[in-house]
Amino acid sequence: MKQLLVFFKDYKIKSVLAPLFKLLEALFELFVPLVIADIIDVGIAKGDISYIVKRALILVLLAFIGLGLAITAQYFAAKVATSFSKDLRHALYAKIQSLSFNELDKLTTSSLITRMTSDVNQIQNGVNLILRLFLRSPFIVFGAMVMAFTIDRQISLIFLGAIVILSVVVFGVMAYTIPKQKEIQQSLDGVTLTTRENITGARVIRAFRDEKNENRIFNSKNNFLSHLQRVAGRISALLNPVTYVIINLAIIILLYVGAVKVNVFGLEQGKVVALYNYMSQILVELIKLAMLIVTVTRAFASADRISTVFNEKNTLETNNNDETSEHFIEFKDVSLTYKNAGAPAIENISFTANKGETVGIIGGTGSGKTSLVSLLGHFYDCTDGAVYVDGRDVKAQEADSLREIIGFVFQKAVLFKGTVRDNIKWGNKSADDEQIKDALMLSQVYDDVEKLGGLDYQLSQGGANLSGGQRQRMTIARALVRKPQILVLDDSSSALDFATEAKLREAIYSLDYEPTVFIVSQRASSVMSADKILVLDDGQCVGMGTHKELLESCKVYKEIYTSQFGKEVV
């Protein structure tokens, strides 16, 4: 939680004013039993009606002052809590965006969603209650005890004993529930992950008629979450009844001892009533304190989880490597091993590419094709060797400037909720409608967009209201509108028919600014016309050359080609 205190820096005054007004409210509240004692011991005892009325007006005045102070305190507490959570969300979102793919893989999407939503809300509730009750409740408890000492020292020992016992109970519950709340939030991550997967993959689940199995998995995780909540809830639920029992026992002892003192030692009846009121105030405040502790334990558990994200460091390496390459792009003995992976994804790969060249990368599933092109944008660090883009080591370049010259079309076509225009402008914020239309034409999707309703057509989340081929071509248009020096097409035409794919390749090859193109595919037809083809197999480059050269020299490439075009080699 300490790490998050920095988000209070712009709200220091409000953070002080909220508990200050609550303390003032509590101070006025402590005077109420004394006024009531005067009404009983003086007004009622002497039958002085005017005295009773005056004291009653004082009670009304105290009530209105307390109400005004409470409303003011609530306003400042709510203002600080909501502003704090807003700034925290902004900072957390910015931190997530700054992390490399390694950290995102480690933290997982579902967990980050839970931390951005549920955990931040838990902290907001905790901050709100802390500002309102954290000082007020202890102040009332100890203030009531002090006021009791001014009335009768012997009876006030009952207050002291009750408070000590209650403190043991409260802090014992707190020590038990904080670790449980962390487990609950971690379990919530699992439920969120399963829910997200099931909603995203609803079509696949129904196609394979696996609803029962997915329901069973979800119910299992949900039941475990409920079990943890019940375990923590049972202990937390003990706070109220235990508090009531201890305080009521103290009240019984108080009334008994007070009655004896009234009869034997002449203690005034009004003072006994005042002591009873102080004990009742302690009861109310301890109930509030119990609620505060339950909320705060959740907030601390959530704060630890969010602090974990802030403590994550971007592990992408940077250096001042002044060594340059004579080639536009060069891979020098490059290997990549993902964190916690048992074997390298790619190993000892070397090749060069110059401006305007087309490089095809082909291989079976899991051969390392996507891993190879991901190093161009420095999304991961190569574990060995070096990658040069525009003649310079990618580790020596600013990430933004490096990725500015690369147009990525990722393996999974990802679109966002909004218009077609908004989605294409991700590639170039300043693109006008003519440039967007040119990009759509190049990617062979312009006619489809016109039929749908033009550039203002609203896409649903993930482009769910488009076909697979339309989504792929839309993401290609998004990359082309940037007019990048390097265009990376990572299996981006798998949903296209051969005729459309051929037209797309022809359009890309005819671009007047002649980008360096990387085509990643499992189809031989997609890479046949490339200037250079890399054949990957289990992370190794087992062949490199033109289509004709590889048919003669590379067994793996020949197998891929003949499996797709028949046994006759042309």
Side-chain angles (χ1 to χ4, degrees), residues 101-102 105 329-339 341-353 357-389 394 403 406-414 468 472 475-476 479 484 486-496 501 504-505 508 515-547 549-551 553-564:
F101 284 12
N102 280 322
D105 293 342
I329 293 172
E330 182 174 5
F331 279 59
K332 278 188 178 180
D333 298 320
V334 172
S335 297
L336 170 64
T337 304
Y338 293 110
K339 285 188 176 180
I346 54 175
E347 192 172 9
N348 298 324
I349 293 181
S350 300
F351 71 92
T352 61
E357 285 188 346
T358 298
V359 179
I361 302 174
I362 193 170
T365 302
S367 58
K369 304 185 297 296
T370 297
S371 298
L372 183 68
V373 293
S374 68
L375 297 176
L376 285 168
H378 196 203
F379 293 120
Y380 294 95
D381 282 314
C382 55
T383 45
D384 289 303
V387 178
Y388 295 84
V389 172
V394 294
R403 293 165 192 168
I406 307 175
F408 285 100
V409 183
F410 292 102
Q411 195 168 21
K412 182 182 179 182
V414 177
Q472 285 190 334
T475 56
I476 293 171
I486 303 168
L487 179 62
V488 179
L489 305 174
D490 186 1
D491 207 13
S492 57
S493 59
S494 57
L496 305 184
E501 184 189 9
L504 175 63
R505 284 200 310 274
I508 291 172
T516 302
V517 181
F518 284 80
I519 300 176
V520 177
S521 181
Q522 297 183 57
R523 292 180 180 178
S525 60
S526 300
V527 299
M528 284 170 55
S529 55
D531 299 310
K532 182 182 296 179
I533 302 171
L534 275 67
V535 185
L536 301 186
D537 184 34
D538 198 21
Q540 303 277 346
C541 182
V542 294
M544 186 186 307
T546 63
H547 169 65
E549 290 170 349
L550 290 172
L551 284 177
S553 62
C554 181
K555 180 181 177 182
V556 173
Y557 184 79
K558 186 175 180 180
E559 287 176 352
I560 293 172
Y561 179 83
T562 54
S563 68
Q564 296 172 8

*Asks:* Considering only residues two or more places apart or on different chains, which pairs with a residue in residues 368-389 satisfy salt bridge (charged side-chain N to carboxylate O under 4.0 Å, His left out)?
*Replies:*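 Those involving residues 368-389 do not exist here.
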*Asks:* Which value, rounded to the nearest 0.5 Å, describes the distance between L536 atom CG and L372 atom CG?
*Replies:*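 Here the rounded value is 6.0 Å.
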*Asks:* For Q564, enumerate each residue passing the side-chain contact (heavy atoms from CB on, under 4.5 Å) test, keeping only those at least two apart in sequence or located in another chain.
*Replies:*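 Q564 satisfies side-chain contact (heavy atoms from CB on, under 4.5 Å) with R523, A524, I560 only.
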*Asks:* Tell me, please, which residues at least two apart from K532 pass salt bridge (charged side-chain N to carboxylate O under 4.0 Å, His left out).
*Replies:*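 So K532 forms no salt bridge (charged side-chain N to carboxylate O under 4.0 Å, His left out) with any residue.
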*Asks:* By side-chain hydrogen bond (donor to acceptor under 3.5 Å, both in side chains), which residues pair with S521, not counting sequence neighbours?
*Replies:*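 By the side-chain hydrogen bond (donor to acceptor under 3.5 Å, both in side chains) rule, S521 matches S526.
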*Asks:* Once rounded to the nearest 0.5 Å, what's the spacing between atom CD1 of I406 and atom NE2 of H378?
*Replies:*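 NE2 of H378 is found 11.5 Å from CD1 of I406.
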*Asks:* Is any side-chain heavy atom of Q472 less than 4.5 Å from a side-chain heavy atom of L496?
*Replies:*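 Q472 reaches L496 side chain to side chain.
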*Asks:* Report the residues that fulfil ring pair (Phe, Tyr, Trp, His ring centres under 6.0 Å) with Y338, sequence neighbours left out, ordered by chain and then residue number.
*Replies:*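 Y380.
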*Asks:* Report the distance from atom CZ of F518 to atom CG of L489, rounding to the nearest 0.5 Å.
*Replies:*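 Atom-to-atom, F518:CZ and L489:CG are 11.0 Å apart.
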*Asks:* Salt bridge (charged side-chain N to carboxylate O under 4.0 Å, His left out) with R505: which residues, sequence neighbours excluded?
*Replies:*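 Partners of R505 by the salt bridge (charged side-chain N to carboxylate O under 4.0 Å, His left out) criterion, ordered by chain and then number, come out as E501.
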*Asks:* Considering all heavy atoms of both residues, which atom of L375 and which atom of C382 are nearest to each other, and what is their separation?
*Replies:*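 In this case the closest contact between L375 and C382 is CD2-N, 3.9 Å.
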*Asks:* Kindly write out the residues that satisfy salt bridge (charged side-chain N to carboxylate O under 4.0 Å, His left out) with E357, not counting sequence neighbours, or none if the list is empty.
*Replies:*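 Here no residue qualifies.
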*Asks:* Show me the donor-acceptor pairs within less than 3.5 Å that the side chains of residues 341-353 make with the rest of the protein, sequence neighbours left out.
*Replies:*
| unit_1 | atom_1 | unit_2 | atom_2 | d |
| --- | --- | --- | --- | --- |
| E347 | OE1 | Q540 | NE2 | 3.0 |
| S350 | OG | D333 | N | 2.7 |
| S350 | OG | D333 | OD1 | 3.1 |

*Asks:* Apply side-chain contact (heavy atoms from CB on, under 4.5 Å) to E549 and list each qualifying residue two or more places apart in sequence or on a separate chain.
*Replies:*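 By the side-chain contact (heavy atoms from CB on, under 4.5 Å) rule, E549 matches T546.
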*Asks:* Which value, rounded to the nearest 0.5 Å, describes the distance between I361 atom CD1 and M544 atom CE?
*Replies:*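 Answer rounded to 0.5 Å: 10.0 Å.
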*Asks:* Applying the side chain to side chain contact (heavy atoms under 4.5 Å, CB included) test to I362, which of D537, V535, V556 qualifies?
*Replies:*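 Answer to the side chain to side chain contact (heavy atoms under 4.5 Å, CB included) test with I362 among D537, V535, V556: V535.
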*Asks:* What's the separation between atom OG1 in T475 and atom NZ in K412, rounded to the nearest 0.5 Å?
*Replies:*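 Here the rounded value is 12.5 Å.
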*Asks:* For the residue pair Y561 and L550, establish whether any side-chain heavy-atom pair is separated by less than 4.5 Å.
*Replies:*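 In short, these two side chains do not touch, never coming nearer than 4.5 Å.
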*Asks:* Under 3.5 Å, side chain of T383 to main-chain N/O of S335, donor-acceptor pair present?
*Replies:*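 Pair found, side chain donor or acceptor close to backbone of S335.
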*Asks:* Return the set of residues passing side-chain contact (heavy atoms from CB on, under 4.5 Å) with D490 (not counting sequence neighbours), or none when no residue passes.
*Replies:*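 D490: side-chain contact (heavy atoms from CB on, under 4.5 Å) contacts with T370, V373, Q411, V520.
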*Asks:* Return the set of residues passing ring pair (Phe, Tyr, Trp, His ring centres under 6.0 Å) with Y557 (not counting sequence neighbours), or none when no residue passes.
*Replies:*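 With sequence neighbours excluded, Y557 shows a ring pair (Phe, Tyr, Trp, His ring centres under 6.0 Å) to H547, given in chain and number order.
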*Asks:* With rounding to the nearest 0.5 angstrom, report the CZ to OG distance, F101 to S374.
*Replies:*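 So the CZ of F101 and the OG of S374 are separated by 8.0 Å.
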*Asks:* By side-chain contact (heavy atoms from CB on, under 4.5 Å), which residues pair with T358, not counting sequence neighbours?
*Replies:*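 Scan of T358 (side-chain contact (heavy atoms from CB on, under 4.5 Å), adjacent residues dropped) gives Y509, V517, I519, A530, D531.
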